[in-house]
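Just below is one structure, and these are the notes that go with it.
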Amino acid sequence: MQADELRVRDVLEALVAAAIGARAAEPELLGGQRAHGLHELRLLPEALLDERERCLLHVGSPFDAREGPGPEPARLARRCPIWTGCTSSLVRCGKRGFYHPPPPPRNVHRAKRRPMSSAPSDRPRVRFAPSPTGYLHIGGVRTALFNWLWARKTGGTFVLRIEDTDQERSTPENERVIIDSMRWLGLDWDEGPDVGGGHGPYRQMERLGLYAEFVEKLIAAGAAYRCSCTKEELDAQREALKARDPKAQFRYPGTCRDKKDHGGRPTVVRWRAPSSGSITYVDLVFGEVTTPNHTFQDAVLVRADGVPLYNLGAVVDDITMGITLVARGRDHMINTPPQIHLYEALGAKPPVFAHLPMMLAPDGSKLSKRHGAVAVSEYRDKGIPPAALLNYLARFGWSHGDEEVFSLRDLVDKFDWASCGRGDGKFDTKKLAAITFEHLKRPELTSDDAYVTGLMPFLEARGLEADDARVRTALPLYRERGQTWLETAEMMDYLFRAEPLIDDKSRTKFLTADKAEGLRDVARLFAGATDFSAAPLEASFAAYLAERGLSMKDLAQPVRVALTGRTATPGLFEVVVLLGREASVARLERAARLASEGAAPGA
RNA sequence: GGUCCCAUCGUCUAGCGGUUAGGACAUCGGCCUCUCACGCCGGUAACGCGGGUUCGAUUCCCGCUGGGAUCGCCA
């Protein structure tokens with residue numbers, strides 16, 4: 001960001017200086033100042049300007065961006081062909097706007113912050129605002145994550161707000177589920193419904209008075225009006241229009257725009273949408289976005305019962321909660337222009353917006369239940385560590401060179417908006433699995449403690465009484481094998497049972513009558529072993545095999561099945577050591593009995 | 001259909017005017033081997049199309065095509 005900033009500034013400096021460099025020869029026109037910017041250019045008589053300079057004045061210069069995001073250089077180029085010569089780096093950097101993050105706090109540990117003191121006003125305040133209409137969606141997690149990362153990186157504040165104005169679908173249980181999911185993920189919030197904060201309440205249904213207040217302001221300012229048209233009337237009109245012309249888009253006809261008397265009928269509040277002009281904002285990831293005003297409708301802001309709709313609720317809350325940056329899914333991009341109009345009508349400064357590209361299903365459609373797991377809880381139930389999930393989600397639409405695997409700490413350090421991509425992506429279960437495996441394998445990402453703690457519930461769910469110490473000893477053998485905690489628990493199952501569960505298939509294939517003797521011999525071998533560790537055990541096993549003219553392959557699988565009930569396990573002798581002499585011998589003897597009762601090979 | 005947005009291997013992406021277009025996942029070979037993994041070595045695989053700008057475009061501009069979002073008293 002720093003380097004980019006320098007480069008952009010340098011290039012611009014050079015370009016503008018070149019454009020108006022000749023003006024330096026006319027110091028009297030500039031009151032003796034050197035001409036190197038738009039301000040100076042403005043002082044010159046228009047007749048003296050050349051095409052590029054007029055263009056600069058007309059569309060504005062990126063130098064104006066010092067106060068905030070400026071015009072996108074690409075757009076400059078479009079409107080003035082002379083700018084086409086700008087280098088791509090200039091345009092690309094410019095497209096991200098000129099937003100610079102405030103410096104992170106120095107040596108301030110989160111824990112040391114006084115909980116109730118609000119963060120200094122120059123620090124970002126971001127929010128995640130789910131509606132409790134269902135489980136926490138994986139796409140929502142990514143939105144929450146990006147906001148959270150920004151807050152943690154900059155020392156800002158992360159607010160959790162519950163948007164429960166859809167009373168049909170919102171429930172306290174859903175809110176509970178969302179909060180639990182967020183906690184499991186470790187995306188902690190500084191202000192929210194359960195922790196309080198200086199900008200509460202944090203549920204929209206508890207903020208109704210606030211919306212009423214702001215609506216009055218909007219009405220007084222002429223930016224909104226009451227409307228007594230009923231939903232039924234409007235629906236009928238919409239139907240009628242569709243019947244006449246299926247392609248037509250219904251727009252509220254403005255029936256109540258100037259109506260003062262509603263005869264006691266219930267009224268909603270509508271936005272008085274401007275019909276001409278256009279509105280532009282600079283998105284942190286998409287750059288400059290301009291929308292013509294005539295595309296807006298007089299949308300309903302508040303229902304007849306006083307409950308606000310999304311656009312008003314979000315705007316009022318973001319204003320009153322002091323939100324400085326709104327990062328949300330691209331599906332909200334269309335809401336942004338009207339919202340900015342609302343901010344302006346309310347005399348409030350709009351926050352900076354950052355829209356995230358959509359996370360789609362593998363087939364390119366909207367990611368939903370039918371494509372597999374979308375609820376966070378399902379990932380928890382699969383035994384995927386939260387940091388792994390978050391790692392995958394962060395890498396989705398954001399990159400940091402060639403790096404793929406990040407700890408949460410890395411993400412906080414390295415996250416930035418400039419490295420966010422713009423294209424929608426498709427969710428890839430296999431890639432998530434690979435990232436998860438990476439986290440599970442590396443002790444620096446999942447410590448032994450964390451691994452054991454994460455694994456225990458899955459062992460317990462199998463009805464096993466696993467002891468910590470045993471799991472910990474087994475860990476080195478399983479880190480490279482278990483793709484999830486759920487899998488690891490399944491693979492360790494035999495360690496915590498009196499007798500291994502041997503499935504019929506393995507039994508008929510490997511515990512055949514002709515192996516009974518060998519199994520018995522190996523049991524004796526192990527029983528008499530002087531040094532019960534892997535290498536000596538393997539050596540004596542090998543010696544036994546050699547004596548009989550057998551190879552490892554002849555007896556390894558039967559022994560494996562005897563000990564574990566499975567055909568795939570870590571190295572045989574590691575397993576023997578793990579089980580211990582007594583259990584190993586007992587299991588081999590039991591298997592030998594099963595084998596002699598069993599069928600002949602191939603039967 | 002209107003408006004907005006997007007476009008590099010199958011997937012996630014690097015690239016910021018000159019590269020043999022890189023990495024990761026997946027996939028296909030091979031090595032290792034008591035099974036399963038891990039690991040290692042190697043292969044296949046991409047700049048949607050057409051114009052411009054430029055000595056030179058994957059990269060900048062325009063158009064097309066394709067995809068997505070949205071058009072509710074859902075959020």
Side-chain angles (χ1 to χ4, degrees), chain A residues 4 7 73-74 77-78 81 83-93 129-131 133 163 165-166 168-170 227 230-231 234-235 238 245-251 268 270 283 286 289-292 294-297 299-305 307 309-311 313-314 329-337 355 357-358 360 362 364-366 392 395-405 421-428 430-435 437-438 441 477-483 491 538 541 551-557 559-561 566-573:
Chain A
D4 283 353
R7 187 160 57 223
R78 209 174 301 142
W83 283 91
T84 306
C86 292
T87 65
S88 65
S89 66
L90 166 61
V91 171
R92 288 188 62 94
C93 292
S131 59
T133 52
E163 306 211 331
T165 57
D166 181 352
E168 304 272 299
R169 299 190 297 152
S170 297
C227 165
T230 65
K231 190 180 190 322
L234 263 16
D235 284 346
R238 202 187 327 262
D245 176 6
K247 278 189 261 181
Q249 97 164 288
F250 177 75
R251 293 171 64 105
V268 300
R270 280 182 188 275
D283 190 291
F286 286 97
V289 179
T290 300
T291 311
H294 68 80
T295 62
F296 304 133
Q297 295 208 49
V300 173
L301 260 20
V302 183
R303 298 174 176 96
D305 58 5
V307 178
L309 258 43
Y310 176 70
N311 274 331
R330 189 171 66 78
D331 48 338
H332 283 296
M333 206 144 106
I334 209 95
N335 288 318
T336 305
H355 290 97
M358 305 292 293
L360 274 15
S365 66
K366 205 163 182 168
Y392 173 75
R395 271 286 291 123
F396 198 105
W398 173 84
S399 62
H400 191 263
D402 279 346
E403 281 183 69
E404 299 272 0
V405 183
R422 285 162 302 212
D424 292 344
K426 294 169 185 169
F427 189 85
D428 184 0
K430 292 230 178 86
K431 183 85 178 191
L432 169 62
I435 296 284
F437 195 25
E438 243 8 88
K441 270 189 299 195
L477 301 183
Y478 285 94
R479 274 204 116 107
E480 316 244 286
R481 274 167 245 262
Q483 305 249 348
M491 291 190 284
E538 180 164 8
F541 188 76
S551 81
M552 196 69 164
K553 289 194 201 306
D554 294 324
L555 211 47
Q557 284 301 76
V559 170
R560 189 184 311 281
V561 171
R566 334 179 95 245
T567 53
T569 72
L572 204 48
F573 305 96

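Below, read A as the first sequence line, B as the second, and so on, with proteins coming before strands; counting in each chain starts at 1. In what follows, every heavy atom counts, from backbone to side chain, and hydrogens, waters and symmetry copies are set aside.
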Whole-Å [atom1] distance, [N] and [M]:
N: B:C12; M: B:G52; atom1: C1'; answer: 33 Å
N: B:G18; M: B:G68; atom1: C1'; answer: 34 Å
N: B:G15; M: B:U65; atom1: C1'; answer: 25 Å
N: B:C47; M: B:A7; atom1: C1'; answer: 10 Å
N: B:U27; M: B:A21; atom1: P; answer: 27 Å
N: B:C49; M: B:U11; atom1: P; answer: 16 Å
N: B:A24; M: B:U44; atom1: P; answer: 15 Å
N: B:C34; M: B:G42; atom1: C1'; answer: 27 Å

Looking for any heavy atom pair under 4.0 Å, which part of the strands does [X] touch: base, sugar-phosphate only, or nothing?
X: A:K553; answer: sugar-phosphate
X: A:F437; answer: sugar-phosphate
X: A:T569; answer: base
X: A:T291; answer: sugar-phosphate
X: A:R566; answer: nothing
X: A:T165; answer: sugar-phosphate
X: A:G329; answer: nothing
X: A:L309; answer: sugar-phosphate
X: A:N335; answer: base
X: A:E168; answer: nothing
X: A:P570; answer: base
X: A:E163; answer: sugar-phosphate
X: A:H355; answer: nothing

Shortest non-hydrogen contact between [X] and [Y], atoms and distance:
X: A:I435; Y: A:Y392; answer: CG2-N, 4.2 Å
X: A:F286; Y: A:H355; answer: CE1-O, 3.3 Å
X: A:D305; Y: A:V307; answer: OD1-N, 3.1 Å
X: A:E480; Y: A:F437; answer: O-CZ, 3.3 Å

Given atom [atom1] of [X] and atom [atom2] of [N], what is their separation to the nearest angstrom?
X: A:D402; N: B:C9; atom1: CG; atom2: C1'; result: 15 Å
X: A:R560; N: B:C36; atom1: CZ; atom2: P; result: 9 Å
X: A:D424; N: B:U11; atom1: CG; atom2: P; result: 13 Å
X: A:F296; N: B:G2; atom1: CZ; atom2: C1'; result: 13 Å
X: A:Q557; N: B:U33; atom1: CD; atom2: P; result: 16 Å
X: A:M552; N: B:C34; atom1: CE; atom2: P; result: 6 Å
X: A:L301; N: B:C74; atom1: CG; atom2: P; result: 13 Å
X: A:Y310; N: B:U70; atom1: OH; atom2: P; result: 12 Å

Polar side-chain atom of A:Q297 near backbone of A:F250 as donor-acceptor pair, under 3.5 Å: yes
A:R395 side-chain N/O to A:W398 backbone N/O, donor-acceptor pair under 3.5 Å: yes
Report the nucleotide, chosen from [options], that has the shortest atom-to-atom distance to any side-chain atom of [X].
X: A:K366; options: B:C73, B:A69, B:C34; value: B:A69
X: A:V268; options: B:U3, B:C25, B:C73; value: B:C73
X: A:M358; options: B:G68, B:C74, B:C36; value: B:G68
X: A:F286; options: B:C74, B:C6, B:G72; value: B:C6
X: A:D331; options: B:C12, B:U3, B:A69; value: B:A69
X: A:E404; options: B:A75, B:U35, B:G23; value: B:G23
X: A:K231; options: B:A14, B:U35, B:C73; value: B:C73
X: A:Q249; options: B:G23, B:G1, B:U11; value: B:G1
X: A:A556; options: B:C34, B:A69, B:C73; value: B:C34
X: A:D428; options: B:U11, B:C34, B:C71; value: B:U11

Straight-line distance of A:T569 OG1 to A:Y478 OH, nearest 0.5 Å: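 It comes to 6.0 Å.
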B:A75 OP1/OP2 closer than 4.0 Å to side-chain N/O of A:R303: yes
Contact under 4.0 Å: A:R330 side-chain N or O vs B:G67 OP1/OP2: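 Checking B:G67 against A:R330, no side-chain N or O comes under 4.0 Å of OP1 or OP2.
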Which residue lies more 5' along RNA chain B, comparing A:K441 with A:M333 via nearest heavy atoms: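 With A:K441 and A:M333 compared, the 5'-side residue is A:M333.
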Whichever of A:R395 and A:G364 has its nearest RNA chain B nucleotide further upstream toward 5': A:R395
Donor-acceptor pair under 3.5 Å, A:K431 side chain vs B:A26 base: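 By the distance-only test, no, there is no pair.
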Pair of N/O donor and acceptor under 3.5 Å linking B:C38 base with A:R481 side chain: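 Check fails, no donor-acceptor contact within cut-off.
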